[in-house]
Amino acid sequence: MTEPQGEYVCTLPPELVEKAEKELNEKPQWRSRDIQALRDMVLKQRDLKVRTDDAFLLRFLRAKKFDYDRAFQLIMTHYKMKVENKEIFTNLRPSAVKHVLDDGVTGVLASRDKEGRPVIVLRPGKWDVSRYGLDDIFRTNFMTLSKLIEDEETQVNGLIMVIDLKEMGWNHAKNVSPFYAKRVASLLQDAFPARFKGLHYLHQPSFFDYVFSIVKQFLKEKTVSRLHFHGEKPEGLTEYIDKANLPKEYGGELPPFSNKDWAETLLKCDEQFDQEAKYGLLDSTTKATKSSKADAMECLVGSYRKLDV
């Protein structure tokens, strides 16, 4: 198994370097030291076998605003989730969910929103419940997120989701159990190194309130504040995404949305996900070592940084 090597080389434009420093506490002159501090914490965890290259660790640091301890806890939670949901993460490779991609359930817009964030488009109404279950959709979305978060601009700017509920019927909704809602909420809020900056719902059906009542109980206040409900006025998306970058069914100027390009991109990544499957947490009951905060302090994290003016 080959792990990516080489020292990190920043690819961010100057304006995003400035944004990362302002919003994420990422200081270029301390970046290498910060990455090494998190690496030291990971290497001390005997039951944790994960990548330790700069690029991988940096996405967790950015997700937690360069708080070493919180970044380390996020790594642990991320891999604990995989252990506790083995039925989903076994054979986690794009070709195993080609049917979901072929149906057009999950895709990504070709262009970003006005804030430079990629836009995931989820269309559950295209899900054929007679052929596969929600787990396959979860797997598809997880791999989509995993690919998007490799990009540095996405790590800094975050991403948004458009959830188009057109064609969604009761045969779809009845599959959204509290257990599944909790699983999805946990992934988005607690177990993935990404900044989710907005979820936009379109074409909510009459029974949407019932489904949302199940989901909402697992959402944090910050997540709820980032929900937008556009109903039968999808053109409301133009406040966030330029018309020139939106399909016409969403109030834009582009042809109807197709996930074909994204499906082709993702389906080329089987080998990459096969490699990732070799990493993980050996025991889901493992907790972070009690010395993790002390380890972080050894590297002058936390309050010392705040003194730099």
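Here the structure is a predicted model, which means the values were calculated and not measured. The basis for the numbers below is simple: all heavy atoms, side chains too, and nothing from hydrogens, waters or symmetry mates.
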Visitor: At what distance, to the nearest 0.5 angstrom, does CD of Gln217 lie from CG of Leu219?
Guide: 9.0 Å
Visitor: Taking the inter-plane angle between the rings of Phe196 and Phe192 on a 0 to 90° scale, is it parallel (under 30°), tilted (30 to 60°) or perpendicular (over 60°)?
Guide: tilted
Visitor: Atom CZ in Arg112, atom CG in Asp151: separation rounded to 0.5 Å?
Guide: 4.5 Å
Visitor: Hey, what's the ring geometry for Phe229 with Phe212, parallel, tilted or perpendicular (30° and 60° as the breaks)?
Guide: perpendicular
Visitor: Shared ILVMFWY cluster between Leu134 and Met161, side chains joined below 4.5 angstrom?
Guide: yes
Visitor: Between Lys114 and Asp242, which heavy-atom pair has the shortest distance, and what is it?
Guide: CE-OD1, 3.0 Å
Visitor: How many angstroms lie between atom CG of Leu92 and atom NZ of Lys82, to the nearest 0.5 angstrom?
Guide: 6.5 Å
Visitor: Salt bridge check, Lys182 against Glu84: does any charged N sit closer than 4.0 Å to a carboxylate O?
Guide: no
Visitor: For Tyr279 and Tyr79, what are the C-alpha separation, side-chain angles and deciding distance, and is it a ring pair (Phe, Tyr, Trp, His ring centres under 6.0 Å)?
Guide: CA-CA 9 Å; Tyr279 297 102; Tyr79 284 98; 7.8 Å; no
Visitor: Does the pair Lys166/Asp164 count as a salt bridge with the N-to-O cut at 4.0 Å?
Guide: no
Visitor: Where the side chain of Glu26 meets the backbone of Val17, is there a donor-acceptor pair that is under 3.5 Å apart?
Guide: no
Visitor: Scan side-chain atoms only and decide if Glu150 and Gln272 contain a donor-acceptor pair under the 3.5 Å cut-off.
Guide: yes
Visitor: Aromatic ring centroids of Trp170 and Tyr210 under 6.0 Å?
Guide: yes
Visitor: Would you mind checking if Asp34 and Lys27 are paired as a salt bridge, meaning a charged N to carboxylate O distance below 4.0 Å?
Guide: no
Visitor: Are Arg39 and Gln36 linked by a side-chain donor-acceptor pair shorter than 3.5 Å?
Guide: yes
Visitor: Looking only at heavy atoms, what is the nearest atom pair of Pro94 and Leu267, with distance?
Guide: O-CD2, 3.6 Å
Visitor: Just checking, any donor-acceptor pair under 3.5 angstrom between side chains of Lys19 and Asn157?
Guide: yes
Visitor: Pair up each side-chain donor or acceptor in residues 99-111 with any protein partner under 3.5 Å, not counting sequence neighbours, and list the distances.
Guide:
| from | atom 1 | to | atom 2 | distance (Å) |
| --- | --- | --- | --- | --- |
| His99 | NE2 | Asp136 | OD2 | 2.7 |
| Asp102 | OD1 | Lys98 | NZ | 3.4 |
| Asp102 | OD2 | Lys98 | NZ | 2.9 |
| Asp103 | OD1 | Arg131 | NH2 | 3.0 |
| Asp103 | OD2 | Arg131 | NH2 | 2.6 |
| Asp103 | OD2 | Tyr132 | OH | 2.6 |
| Thr106 | OG1 | Asn141 | OD1 | 2.6 |
| Ser111 | OG | Asn245 | OD1 | 3.3 |

Visitor: How long is the straight-line distance from CZ of Phe56 back to OH of Tyr8, given to the nearest 0.5 Å?
Guide: 15.5 Å
Visitor: Do any N or O atoms from the side chain of His172 and from the backbone of Trp127 form a donor-acceptor pair under 3.5 angstrom?
Guide: yes
